[in-house]
Student: 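Right, I'll just put the structure down here and ask away after.
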Amino acid sequence: MIETQSLTRRFGDRVAVENLSFSLAEGQVVGLLGPNGAGKTTTLRMLGGLIAPSSGSAMVCGQTLGQSDAANRAIRARCGNVPEVPGFYERLSARDNLLFYAGLHRLKDASLRVDSALQRFGLAARGEDRVSTYSKGMKQRLSIARALIHEPQLVLLDEPSAGLDPQATAAVHALIRELKAKGTSLVLCTHSLEEVEALADQVLILDRSVRFAGALSDFCEVADTVIVDMQINAMPEGLTTQSVDATRYTFAAAAESIPELVRRLIAAGADIRSVTQQRRSLRQRYLELVGDR
């Protein structure tokens, strides 16, 4: 769905994104992370065919980015964009806004799609109201409805849950999972590490250049730590724990030494309920890469 090689964007003398290389398969979610000013929104604008890269190359939805106006139009036709600032025609109703964008995509069944979208996102009762009367959460729902009106192959989300209440955030997360299950690919730009942990298959960390690109499971490395939930009367000789919390004991143990650790505990009469190899959290790894910016 996306394949970039050394994608770079400059604005005059300032380099916004440098040598961006990553790939995203069909039906996957990549979490795009980085500090403010790291180039995340510029990356989304390039991938969506809205601005051209200064150098490098990218294949998006089967089209070569920047190859021609026709290729860029094809990319835009296959992408759905949810920008951080929605940018509606606020004097028009929600329905008229959606009809306008459906017309840009030349949808033959525009009216039916608009009615379905308003219903789906809980806006049917307010569909004839001016967007200027909408709350932030309602505008965000309308923005997502607009992005999906033409059933895109790729959805680019820039802070989709920013400023939303917990119920609306849960609805956005459910929608992302639904789209992923249908084979839609998504780029999720967010400052919420918890959002990425819950939704993403991959993680892309930018600080102008790529700090990490790959599977989320590879990024959150397995630490040499094992947590054992058990009942035990006396710890075997030579085994010490780093911490004890009721029945949860933490041992320093690499993956290959876990079977021997379990055998020794059982031989000492331990009643083991679970053994968990601990991972370093996304937050820990992220802060190690980007520092205290």
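Everything quoted here is computed from the prediction, not taken from an experiment.
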Student: If you measure from CD1 on Ile75 to CE on Met59, what distance do you get to the nearest 0.5 Å?
Tutor: 8.5 Å
Student: Between Gln231 (side chain only) and Ile272 (backbone N and O only), is there a donor and an acceptor less than 3.5 Å apart?
Tutor: no
Student: With a 4.5 Å cut-off on side-chain heavy atoms, are Leu7 and Val17 touching?
Tutor: no
Student: Does any non-hydrogen side-chain atom of Arg273 lie less than 4.5 Å from one of Thr247?
Tutor: yes
Student: Would you check, one step at a time, whether the test side chain to side chain contact (heavy atoms under 4.5 Å, CB included) holds for Val131 with Asn97?
Tutor: CA-CA 8 Å; Val131 174; Asn97 267 276; 3.4 Å; yes
Student: Restricting to side chain to side chain contact (heavy atoms under 4.5 Å, CB included), what partner residues turn up for Arg120, sequence neighbours left out?
Tutor: Leu148, Leu175, Glu178
Student: Around atom CZ of Arg264, are there more than 12 heavy atoms of other residues, nucleotides or ligands at under 6.0 Å?
Tutor: yes
Student: Just checking, is any N or O donor in the side chain of Ser209 or Glu18 under 3.5 Å from an acceptor N or O on the other one?
Tutor: no
Student: Have Thr133 and Arg126 got a donor and an acceptor in their side chains that come within less than 3.5 Å?
Tutor: yes
Student: Could you grab the distance from atom OG of Ser57 to atom CG of Leu65, nearest 0.5 Å is fine?
Tutor: 9.0 Å
Student: Begin from the C-alpha positions of Thr184 and Gln153 and carry the test side-chain hydrogen bond (donor to acceptor under 3.5 Å, both in side chains) through to its verdict.
Tutor: CA-CA 5 Å; Thr184 306; Gln153 297 173 311; over 6 Å; no
Student: Are any of the side-chain heavy atoms of Val15 and Arg208 separated by less than 4.5 Å?
Tutor: yes
Student: Using the side chain to side chain contact (heavy atoms under 4.5 Å, CB included) rule, take Thr190 and Leu188 through it: C-alpha gap first, then chi angles, then the decisive distance, then the call.
Tutor: CA-CA 6 Å; Thr190 179; Leu188 173 61; 4.1 Å; yes
Student: Which atoms form the tightest heavy-atom contact between Gly31 and Ala200, and what is the distance?
Tutor: N-CB, 3.7 Å
Student: Donor-acceptor check, side chain of Ser185 to backbone of Ala25, threshold 3.5 angstrom: yes or no?
Tutor: yes
Student: Is Glu90 salt-bridged to Lys139, going by a charged N under 4.0 Å from an acidic O?
Tutor: yes
Student: Can you see which heavy atom on Tyr134 is nearest to which on Ala94, and at what distance?
Tutor: OH-CB, 3.1 Å
Student: Using atom types as modelled and distance alone, determine if a side-chain donor or acceptor of Asp201 lies under 3.5 Å from a backbone N or O of Val29.
Tutor: yes
Student: Under 4.5 Å between side-chain heavy atoms, hopping through other hydrophobics if needed: is there a path connecting Ile149 to Leu99?
Tutor: yes
Student: Using modelled atom types and a 3.5 Å cut-off, is there a donor and acceptor pairing between side-chain atoms of Arg95 and backbone atoms of Gly127?
Tutor: no
Student: Would you say the side chain of Leu142 lies within less than 4.5 Å of the side chain of Phe88, judging by non-hydrogen atoms?
Tutor: yes
Student: Does the side chain of Leu33 come within less than 4.5 Å of Leu204's, by heavy atoms?
Tutor: no
Student: For the CD1 atom of Ile51 and the OG atom of Ser54, what is their distance to the nearest 0.5 Å?
Tutor: 8.0 Å
Student: Has the side chain of Ser93 got a donor or acceptor atom that lies under 3.5 Å from a matching backbone atom of Arg130?
Tutor: no
Student: Verify the distance criterion only: is there a donor paired with an acceptor across the side chains of Glu84 and Thr41 at less than 3.5 Å?
Tutor: no
Student: Aromatic rings His150 and His105: how do their planes relate, parallel, tilted or perpendicular, breaks at 30° and 60°?
Tutor: parallel
Student: Look only at the side chain of Thr43 and the backbone of Gly39, and say whether a donor-acceptor pair between them is shorter than 3.5 Å.
Tutor: yes
Student: For atom CZ of Arg78, is the number of surrounding heavy atoms from other residues, nucleotides or ligands below 6.0 Å larger than 12?
Tutor: yes
Student: How close do Ala268 and Pro236 get, heavy atom to heavy atom, and via which atoms?
Tutor: CB-CG, 3.5 Å
Student: As an exercise, state the distance from OH of Tyr249 to CG of Leu261, rounded to the nearest 0.5 Å.
Tutor: 13.0 Å
Student: In the structure I gave you, are the side-chain heavy atoms of Cys79 and Arg76 within less than 4.5 Å of one another anywhere?
Tutor: no
Student: Taking the cut-offs as 6.0 angstrom to the six-membered ring centre and 45 degrees off its axis, would you call Arg211 and Tyr286 a cation-pi pair?
Tutor: no
Student: For the backbone of Leu20 and the side chain of Thr4, can you confirm whether one donor and one acceptor N or O come within less than 3.5 Å of each other?
Tutor: yes
Student: Transitively linked via ILVMFWY side-chain contacts under 4.5 Å: Leu206 with Val196?
Tutor: no
Student: For the pair Asn72 (side chain) and Gly49 (backbone), establish whether a donor and an acceptor sit closer than 3.5 Å, ignoring hydrogens and angles.
Tutor: no
Student: Going hydrophobic residue to hydrophobic residue with side-chain gaps under 4.5 angstrom, can you get from Tyr89 over to Leu98?
Tutor: no
Student: Is there a path of hydrophobic side-chain contacts, each under 4.5 Å between heavy atoms of I/L/V/M/F/W/Y residues, joining Leu24 to Leu44?
Tutor: yes
Student: Are Val82 and Leu164 grouped together when hydrophobic residues (ILVMFWY) are joined by side-chain heavy atoms under 4.5 angstrom apart?
Tutor: yes
Student: I need the Asp207 CG to Phe212 CZ distance, nearest 0.5 Å.
Tutor: 15.5 Å
Student: Would you say that more than 12 heavy atoms from the other residues, nucleotides or ligands in this model lie under 6.0 Å from the CG of Asn233, or not?
Tutor: no
Student: Is there a side chain to side chain contact (heavy atoms under 4.5 Å, CB included) between Ile232 and Leu265 once you walk through the steps?
Tutor: CA-CA 8 Å; Ile232 190 169; Leu265 291 172; 4.1 Å; yes
Student: Kindly give the heavy-atom pair with the smallest separation between Pro152 and Ala147, and that separation in Å.
Tutor: CG-O, 3.4 Å
Student: Find out whether Leu282 and Phe219 are in side-chain contact, i.e. whether some heavy atom of one side chain is under 4.5 Å from a heavy atom of the other.
Tutor: yes
Student: Does Arg141 count as lying over the ring of Phe121, i.e. NZ or CZ under 6.0 Å from the six-ring centre, within 45 degrees of the axis?
Tutor: no
Student: Nearest 0.5 Å, please: how far is CG in Leu107 from CZ in Arg113?
Tutor: 4.5 Å
Student: Taking the side chain as every heavy atom from C-beta outward, state whether Thr8 and Asn19 have any pair of such atoms under 4.5 Å apart.
Tutor: yes
Student: Should we say atom CZ of Arg283 is surrounded by more than 12 heavy atoms from elsewhere, each under 6.0 Å from it?
Tutor: no
Student: Which heavy atom of Val203 sits nearest a heavy atom of Ala215, and at what distance?
Tutor: CG1-O, 4.5 Å
Student: Please determine whether a side-chain nitrogen of the Lys or Arg among Lys40 and Asp158 lies less than 4.0 Å from a carboxylate oxygen of the Asp or Glu.
Tutor: no
Student: Under the criterion side chain to side chain contact (heavy atoms under 4.5 Å, CB included), I'd like the reasoning laid out for Glu195 against Leu199: C-alpha separation, chi angles, the key distance, then a yes or no.
Tutor: CA-CA 6 Å; Glu195 202 163 51; Leu199 299 169; 3.8 Å; yes
Student: Give a yes/no verdict on a cation-pi contact between Arg9 and Phe11, requiring under 6.0 Å between NZ or CZ and the six-membered ring centre and an angle within 45° of the axis.
Tutor: yes
Student: Determine whether a donor-acceptor pair (N or O, by modelled atom type, separation under 3.5 Å) exists between the side chain of Asp165 and the backbone of Ala168.
Tutor: yes
Student: Take atom CD of Glu3 as the centre, draw a 6.0 Å sphere, and report whether it contains more than 12 heavy atoms from other residues, nucleotides or ligands.
Tutor: yes
Student: Over all heavy atoms of both residues, which pair between Ser6 and Ser21 is shortest? Give the atoms and the distance, please.
Tutor: N-OG, 2.8 Å
